[in-house]
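Right, one structure below, let's go through it.
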Amino acid sequence: MSESLPTKGVPWTELRRELEEAKSTDCPWTRGMFGLWWPNPSPEMLRISNEAFEMFSHASLLYAPWLGSIRRIESDLQAMVQELLRAPEGAATTLTSGGTESNFLAVKTARDWARVNRPEATRPSIVAPRTAHPTMNKAASLLGLEVVRVPAGPDYRADVNAMAAAITSNTVMLVGSAPPYTHGRIDDIPALAALAAQNHLWLHVDACVGGFLAPWLRKLGRPVPDFDFTVPGVFSVSADLHKFAYCLLGISSITLRDSALLQYQRFEFSDWPYGTYRSQTFAGSRPAGIAAAAWVLMRRLGEEGYLEVARGILRTTELFVSGIRSIPGLSILNEPEMGILNVVSQELDMMAVADAMTARGWPVARFEEPPAIHLLMDRVDDETVIHDFLNELRGAVGEVRAGRVVRSGSALGYEAPKL
Ligand SMILES: *Cc1c(COP(=O)(O)O)cnc(C)c1O
C-alpha cells in the first residue's frame, strides 16, 4: 500500500526505521551479485563518495559560472576523462546523468553537424551493430533519426563489411561499442573509423562500459585494441563514471574530439522574457553532489587504486571462468575480455537455471540470443561471495538436471524485472 502525503510530518527516527525495515526485506544485493546491481564499490569507496555528496548535495552544476568550487570539480573531472580517453588538445567533455544522456547528446550533436556537413542526408540515419545499446535507438527516436542495425560477426564484434554495405546517402553516423553490454568484445574501432572517414560520417564510440576499465586493463598488459581518440575519425566517446569508475549513480560523460563541435551539441533559446537560455546537456539542473563524489573517489583511488580495481575484476573473472568450466553442462559463450561473460549450455535450459538461481536468492540477468545468464564481473571485498555464487549455480544446475525447476517464464523472487 502506498502512503499519501501525511497531514502531520513524521519524525525522522520513525522514517529512518521504516526505510531500514523496507530495506531488510530486499535481497542482500550490496554484497555483489554479478549482473543485477552492478558494480559495487567497497564500503570505503562508498563512504567517501557519500561524504563528498553531502557537501554539495544541494548544489547544481549550473552554478559553475558563479562558484569556483563547482567549476573546479567539473573541470578536473573533464580533464581526468580526457586523459583516460587520450583526447587531443581542444577536446570537450560534458558531464551527464548517465550513458543514456551521453548517447543522446552524441546523436543530437551528430544530427546537427550533419545538417551542415551532410545536407544531402534528408532522412538522417545511423548504422549500428545489432549489439549496440538500445539507448542509441532511444536517442534516435527522440531526435527523428532512423537506426539500421546490422548483425554482428561470428566473433560478436561489429561486422564492418556488413555495416559498409548498409550505408546509404542518408547515413550520417556510425556507432561502435567498447565494448557492447551484450558480449563485452570491443568492436574494431579503427576499421569503423576508416569506414566513417571514407563516407564523411560521424563515428561515435559507446564506451559506457569500457571507458573506465579498458585503459587500466591495457596498463596491466592485457591486449586492448585502440578505441579512443588515438583513432583518427572518432568524433565522440561516451564513458560512464557510474559503471567501472565506481562512482555514485548518476554520472557519465560525453567527449567530442574538438570543442568547435559543441556548437552542434548546444541548445540556445531566447524567445522568453528572461533572455538567452543556453544548455549543452539534456538535463537542466544537474546534481553537483554526484560530481563532487566522483571527483573525490577518482582522486582518492588514483592510477594505483584503479589498477587495483582492474586486478580485482580480472581475479573475479578468472574465478568465474574456472568455476563455470568445472560445472558439467555449462560453458562460456565468449572468452571474457572486458568484465562481461555469458554462461550457456548445449543441454540445459538456461532460463530454468536462471529461475533456479532466482529461487535460491541469487537473481541473475537473462540473455536471449542464445539463452544465457549474463554476468558482469565486479571487484569484491571478499571472494567468498564468488564461491557462494558458483556453489549456488552448481546447485541450480543440479536441480534443472533433476527436473525439479518449474519454469516461471518470468523473473522470480524479489520481483526483479528483467534488465
Ligand atoms: C549502461 C550502458 C548504457 C546506458 O547507460 P545508463 O547509464 O544506464 O543510462 C549505454 N551503453 C552501454 C554500452 C551501456 O552498457
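Start at 1 and go down the list; that is how both ligands and their atoms are numbered.
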Would you mind listing each N/O atom of ligand 1 next to any protein N/O under 3.5 Å, plus the distance?
unit_1, atom_1, unit_2, atom_2, d
ligand 1, 5 (O), Gly99, N, 3.4
ligand 1, 7 (O), Gly99, N, 2.9
ligand 1, 7 (O), Asp240, OD2, 3.3
ligand 1, 7 (O), His242, NE2, 2.7
ligand 1, 9 (O), Gly99, N, 3.2
ligand 1, 9 (O), Thr100, N, 2.7
ligand 1, 9 (O), Thr100, OG1, 2.5
ligand 1, 11 (N), Asp206, OD1, 3.4
ligand 1, 11 (N), Asp206, OD2, 2.7
ligand 1, 15 (O), Lys243, NZ, 2.8

Quiz: residues 189-216 side-chain donor-acceptor pairs under 3.5 angstrom, not counting sequence neighbours:
unit_1, atom_1, unit_2, atom_2, d
Asn199, ND2, Leu195, O, 2.8
Trp202, NE1, Ser236, OG, 2.8
His204, ND1, Ser236, O, 3.3
His204, ND1, Ser236, OG, 2.8
His204, NE2, Asn103, OD1, 2.9
His204, NE2, Ser238, OG, 3.2
Asp206, OD1, Cys208, N, 3.0
Asp206, OD1, Ser238, OG, 3.3
Asp206, OD2, Asn103, ND2, 3.1
Trp216, NE1, Phe212, O, 3.4

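The line from CG of Leu248 to CZ of Phe53 is 7.5 Å long, rounded to the nearest 0.5 Å. Separating the CZ atom in Phe320 from the CG atom in Leu341 is a distance of 7.5 Å, to the nearest 0.5 Å.
Residues Gln265 and Thr94 have side chains that bring a donor and an acceptor to within less than 3.5 angstrom of each other. Asp76 and Trp295 share a donor-acceptor pair across their side chains, judged by distance under 3.5 Å alone.
In Arg311, the CZ atom is crowded: over 12 heavy atoms of neighbouring residues, nucleotides or ligands sit closer than 6.0 Å.
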